[in-house]
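Beneath this line is the structure, given in structure tokens, with notes to follow.
Numbering starts at 1 and runs along the sequence shown. Remember, it's 1-based here, ligands and their atoms both numbered in the order they're listed. Computed from heavy atoms alone, side chains included, the values below leave out hydrogens, waters and symmetry copies.
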Amino acid sequence: MELLNHLNWRYATKRYNTTKKISEEAIEQIKTAIQLAPSSYGLQLFEVLHIKDIALREQLKAVGYNQPQITEASDLFVFCHYADAHSSKIDDYLALKAKIQGSAVEDLAEYGTMMKGAIDALSMEEKQIWMAKQVYIALSNGLMACASLGIDSSPMEGFDKAAFDKLLKLEDQGLKSTVILAMGYRSAEDDTQHQAKVRKPLEKLFKTV
Ligand SMILES: Cc1cc2nc3c(=O)[nH]c(=O)nc-3n(C[C@H](O)[C@H](O)[C@H](O)COP(=O)(O)O)c2cc1C
């Protein structure tokens, strides 16, 4: 299977070739793969910041354990989930669904009430965890899209979230940083690319019951 070749080829890149940039077209394709990720109820309670400001990336690196990928990679996405799952977000989704699928928004009212009831029953902490989980599915789509395009990538959680949120003014936007994705082309000097993949054997990972 072609996908398995791509998944074996990719690795969490540590050092990037700073002279090689991802094309606009490939970035659009990666964005579309992220857009197409499934999410709970289809709500997509997250947004992705594409950080183009080089000075800002330097500042983010300083609060990202100085990981070089943050500045060396061609492109950097910061995945953020909403600070709260406000009912207005569910209304936004219902309006979009009605528009795209050509139905009346009033016909979706009962569905909306059901979703809001289920979400309102969660504590703030549970909501945060639930929203963050959706982000990781989107991250995974991004990783797979990169690999299939021959683009290297680094999923990263090693950063100070509170400091990222402050630098990116996320509170004002009702967002919280979840995880970051650096993307570009591996440096020939990145020794990690030569290391064999460490994965549990399938019989340890899967149990037949
Ligand atoms: C959610 C997540 C967060 C990660 N955070 C970091 C990170 O901050 N820095 C880093 O060098 N690698 C990070 N990694 C990479 C993992 O260490 C790596 O995926 C794992 O060791 C398996 O290696 P491979 O992806 O190269 O096959 C992260 C991976 C994931 C999925």
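On a distance-only criterion, Pro155 and ligand 1 share at least one N/O pair closer than 3.5 Å. Residue Tyr11 places no N or O, backbone or side chain, under 3.5 Å from any N or O of ligand 1. Note: an N/O pair closer than 3.5 Å links Gln67 and ligand 1 by distance alone. Looking at Gly158 next to ligand 1, an N or O pair under 3.5 Å apart turns up.
Between the side chain of Asn17 and the main chain of Arg186, no donor-acceptor pair closer than 3.5 Å is present.
Glu47 and Tyr82 share a donor-acceptor pair across their side chains, judged by distance under 3.5 Å alone. Looking only at atom types and distance, the side chain of Tyr11 has a donor-acceptor partner in the side chain of Asp190 under 3.5 Å away.
The 12-atom threshold is exceeded at NZ of Lys127, counting heavy atoms of other residues, nucleotides or ligands nearer than 6.0 Å. Crowding of Glu171 atom CD: a count of heavy atoms from other residues, nucleotides or ligands under 6.0 Å not exceeding 12. With a 6.0 Å radius and a threshold of 12 heavy atoms from other residues, nucleotides or ligands, Lys133 has its NZ atom at or below the threshold.
Under 4.0 Å from ligand 1, the heavy atoms of Arg199 that appear belong solely to its side chain. Neither the backbone nor the side chain of Tyr65 has any atom closer than 4.0 Å to an atom of ligand 1 (non-hydrogen atoms only).
Put simply, atom 14 (N) of ligand 1 has protein non-hydrogen atoms near it, under 4.0 Å away. In this structure, atom 21 (O) of ligand 1 is not in close contact with the protein, since no protein heavy atom lies within 4.0 Å of it.
By the 4.5 Å heavy-atom criterion applied to side chains, Lys97 and Leu108 are counted as neighbours.
Not a single heavy atom of Gln195 lies less than 4.0 angstrom from ligand 1.
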